[in-house]
Amino acid sequence: MIKTMQTQPLRCIRKSIIRPFVCFYSSIVTPYSPSTSNPRVVPYQFPNPSSESHEIASSFRVWFRSSKNPTFDRVFEALNSNAVENLTHIDLGLQLSESVVLDVLRYKSSDVLSCLKFFDWAGRQSSFRHTRVTYVAIFKIVSRAKLHSLTLDWLDGFSKTKFVQRARLSDILVVGYSLAGKLDVALLLFGKIRFRGSDLDSVSYHVLLNALVDAGFYDAVKVVLDQIRARGLQNEITNGIVIKSMCKQGLFLEAEEYMRDLLKKGEVVSGRLFSILVDGLCKAKMISHAGKLVHEFAKKGGVPMDHAYGVWIRGLVHNGKLDEALKVFNVKKSLEGYIPDVYRYNALINKLLKEDRLQEVCDLLMDMRENNIAPDKVTMSAVLCFFCKAGMMDVAIELFKGSSEFGLTLNSLVYNYIVNTLCGDGNTNEAFQVLKSSMSQGFFPGSRTFAILADALCREGKLDKMKDLIIFALERKFMPSRYTYEKFIRALCRARRVEDGYLIHGELNRLYKTLSDTTYAYLIYGFNKASRGDLAGRLLIEMQEKGHKPTAKLFKAVTWCVAEMEDDKFFLQLLEMQLSRYGHDVQTYSYFIYGAGHARKPELGRAVFEMMEKYSLVPSLDSDIFMLQCFLKSDRIGEAMNFFHDIPRRRKLGRKLYNSMVVGLCKVGKADYAASVLRLARKNGQNPSLNCYEELIKLYCAQNNFDQAIRIINELEKAGRKISSFIGNCLLLYSLHSGDVYRAWLRSKDVTEETPSGATLGQLVAAFSDRIRVDSEVEDLEEVIRKCFPLDLYTYNMLLRKLSIDHIDKACQLFKRICQKGIKPNRWTYDILVRGLYKHGRIAEGHMCAEEMHRRGYMQAGFDQSS
C-alpha cells in the first residue's frame, strides 16, 4: 500500500491537498506569530466542493488505509462477531508463534475484549503454547485498561488449577500480580519461590523491579536489584529501570552520573536508555537541562539520538514550549535527517490544533505522508479535527462516513468538533446523526457539546430529536444539565406541547433538580393557554414551595385561568391552599378577586371579598379596584355603583378609584355614567387621568355622539390639560369618515374658540372633513397638527391617507419625510400609499412600493388596482 502511494505521483497528492490550502491559507486573517495566539480563522470555501473536496478526502483515505493489516482485520472481525471458533477456518497465511501473537495483540491493544478472546483462542491451539512474553503482553493490555479485577480473577484461576503449559506458573503469577498493582502478593510469591529453591527468570525479575519503582517501594527495589545483579541478569533493561528509579526520586545528578559511567565502561547505551533520563528531566520541568544534555550527547556521538529527540520534543510540547519544539524538529530534520515516530507527530499536531495553527498542522501531515509514516487512530482523529477547524466540513464528513472502511476509531474530541461545527453551520440533522454514531461506539460528547446541540435543536423546533437525545443520554448514565432540561421545557411550551414539558419537569423532580422561576412561568403560561387551570394552580403552589416568588402578573394569570374552569370549587380550594401555606395576605385575596373579575364571575369575586372581611382584614386599594372591575366586566352596573358608593365607609375615594370606575364604565359602553363619575371626581378635587378622557372621547365617537366628545375635549383643555395624540387621532379619524364631526364642531364653535387650540383644531377637522381645500405644503400641515397635539405614526398615516386622495405627489413627499425622520413605516403606511398610487394610475410606482412592502415582511390587504 505504501509503495502504491510512493509510485502514485506525490505531486498529484500535493496538488489535491496543497492547491486548495493555498487559497485557505490566504484566508487566515491574522497570521500566526509568537505574540499572536488563537488567530481568527475564516473558513475556506471550495469553488467546486463536489470534485475538489472528494479528491482531498480520497487521498487521505488512501493514506489511512496504509496502516491497515488485512489479515489482522479479518481476525478482529471474527472476534467482534462472536465467532471465535471461525478463526480456525480463516486462512491467516502464517503460523501461530510468539511474534505473531504479540503482533496481533499490539495491532488493536485498545480493544481489550477482542485481545482477551484471541489470547484464549491461541492458547487452545495444539500448534502453539503461550510463553512468559505473551502473558506479559496480555497482562500489560489489561492493566493499561485499568481492569485489575479481571487480572486478579484470572490469576486466582491459575493458582487453583494445574498448570501444564511450558510457561512456568510461578513466573506468570509474579508478573500478573505485579502488573495488577498487587505488589504485596507478588513479593510474597517471590519469597515462596526463593524459599523452595526456585528462581524467577530475567523477564519476571524486571517486570517486578519496574512495578516496585512505579509504586515507589524503593527499599524493595534495592533488594530485587541486588538479586538481579547477583545472578548476572543485569542488562540494558536493568539500567533503564535504575535510571528511572533515580529520576522518580529526584536524583537527577546521580542518574546523569550513572549514564556517564556506563559510557566510560564501554557498555552499549541505546537511544531508549538515554531517553529515560531525558524524559525524567522533562517531567521534572528541567527542560533546559534536558536540552543541554541532548546537545552534549549528540555532539559526543556513540548514542543513537532519534528516540531522545522525540522524548525531548514531547517534553517541550507538554511544557508549553511549542515553538521551541517545532524549531528542534525542523533543525534536527534538516541537519541530521531526523524522522520522529507517529506519537511525536501526534503530540505536535494536536497542540498546534489547539492553537489554531492550521498551516503548520497541514505541513506536518504532509511530512508524515512523504516519510511513509502510517497514521494511527490519534492521527486520523486529528485529521478530522483539522478539517473541521479549517471549515472543510464536506471533507471531514466524507472521511467520517467512511471511517469503518479503514478501521478509524474516533475519540470524543473529534465528535465534539464535528458536532459543534455542524451546529454552527446550521446542519443540526447531520450533527444529530453524528452524535448518535458516537454513542453507538461508546463515546458521549462533552457537556458543552451536548448543550450546543440541544440548544440548536430547541431553537429550530426539532423537539422529537431533542427528546431522543435526552433518552440517549439517560440510557448511557449521562445527566444533562438543568439548563439543558429547562431549554427543552421552554421549547416544548412554545410549541404548545406543554404536557411533554410537564413530563420532563416530573423527571427533574425525581432527580431532585429544581426548575428556575422562569421555566416554571413557561409551564404555567403554557397550561393557561391550554385552559388547564388545575395544573397551572398546582405548579404555582409547587413553585412557591421550591422557594420561588411568582410575579404579580403570573399569579393573576393563574387565578384568571382557574376561575374560568367549570368547577368553581377548585378556585376556592386553591385559595385555601395558598392561605394555609402563606397566611391571610390581603394581596393574595386581591389576586383571586382579579382572576374572578376577568373570568366574569362576580359571585366568586364577592365570595373572596367577603372571606377577607370574615377574617377582619381591611381590603387594600387593589382589592377595591379589582372588585369594582369584577362587577363592571360582568355588566353589573348597579352593583358596581353601589360598591363604589360604599367604599367611602372604609377609605377616601382617591384618584385611582375614580379612574378605574370611569375606564371600567367606558369599557362596557356606559358613556353617560362614565361622564358623570368623571365630573364627580373633578368636583371632589380629584384630577382624572388622561386615560379617562381618552376612553370617554373614544366611546362617544364610536357612538357617533360627537357633541359630547367635543364637550369633553373642551373640558379637558379648560382644566389646563393638553390634547394627547390619541384624542387628536381619534377626532381626525372620524372626521375622515363623516362630516358629523365638523357639524358638531360648528355647533360648539363659541365654546371651542375659547380654548387655546380650539380654532386650529377646528381647521384640521374641517380639512379632514373636506370642508376646506388643503393647498398647504406638507410641512405646513405638520406644523398645524403639532400646534394641537404631538404627531405619531398613526397621525402620519391619517395625514397620508388624506393627501393620497387628491394630492398623491404630496403623499409621496410625506412618505419620504416620515422615513427621513427615522420613523419606521408600518403595514398601513405602505398600504395607504400603494392604494393611492394605484388609484391615480401610477401602476409602476405602486408595484415598486408593494414590493418594498413585501420585502419588509408586511402582508398587503386584499384590493385590486382599480379600488
Cation-aromatic face contact K300/F297, 6.0 Å, 45 degrees: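 Checked: cation-pi criterion met.
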
Ring-face cation of R344 near Y338 (centre distance under 6.0 Å, axis angle within 45°):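 R344 over Y338 ring: no.
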
By ring-ring contact (aromatic ring centres under 6.0 Å, His included), which residues pair with H318, not counting sequence neighbours?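 If we apply the ring-ring contact (aromatic ring centres under 6.0 Å, His included) test to H318, skipping adjacent residues, there are no hits.
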
Would [X] and [Y] count as having a side-chain donor-acceptor pair, cut-off 3.5 Å?
X	Y	result
N239	Y258	yes
H289	E256	yes
D367	Y345	yes

So, the side chain of [X] versus the backbone of [Y]: is there a donor-acceptor pair under 3.5 Å, distance only?
X	Y	answer
S381	K377	yes
W312	S275	no
N319	K321	no
N371	I373	no
S334	N330	yes

Can you name the nearest heavy-atom pair linking [X] to [Y], along with the distance?
X	Y	answer
M305	V294	CE-O, 3.5 Å
V101	A122	CG2-CB, 4.4 Å
W121	L96	CZ3-CD1, 3.8 Å
L399	A57	CD2-O, 3.5 Å
L353	V361	N-CG2, 3.9 Å

Show me the donor-acceptor pairs, under 3.5 Å and distance only, between side chains in residues 211-226 and residues at least two apart or in other chains.
residue: D214; atom: OD1; partner: K244; partner atom: NZ; Å: 2.7
residue: D214; atom: OD2; partner: N210; partner atom: ND2; Å: 3.4

F387/Y417 under ring pair (Phe, Tyr, Trp, His ring centres under 6.0 Å): CA gap, chis, key distance, verdict: CA-CA 10 Å; F387 284 123; Y417 268 121; over 10 Å; no

Would one find more than 12 heavy atoms of other residues, nucleotides or ligands at under 6.0 Å from atom CZ of R448?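 For R448, atom CZ is not crowded (no more than 12 foreign heavy atoms under 6.0 Å).
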
Which class fits the ring pair H130 and F119: parallel under 30°, tilted 30 to 60°, perpendicular over 60°?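 Judged by the thresholds at 30° and 60°, the geometry between H130 and F119 is parallel.
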
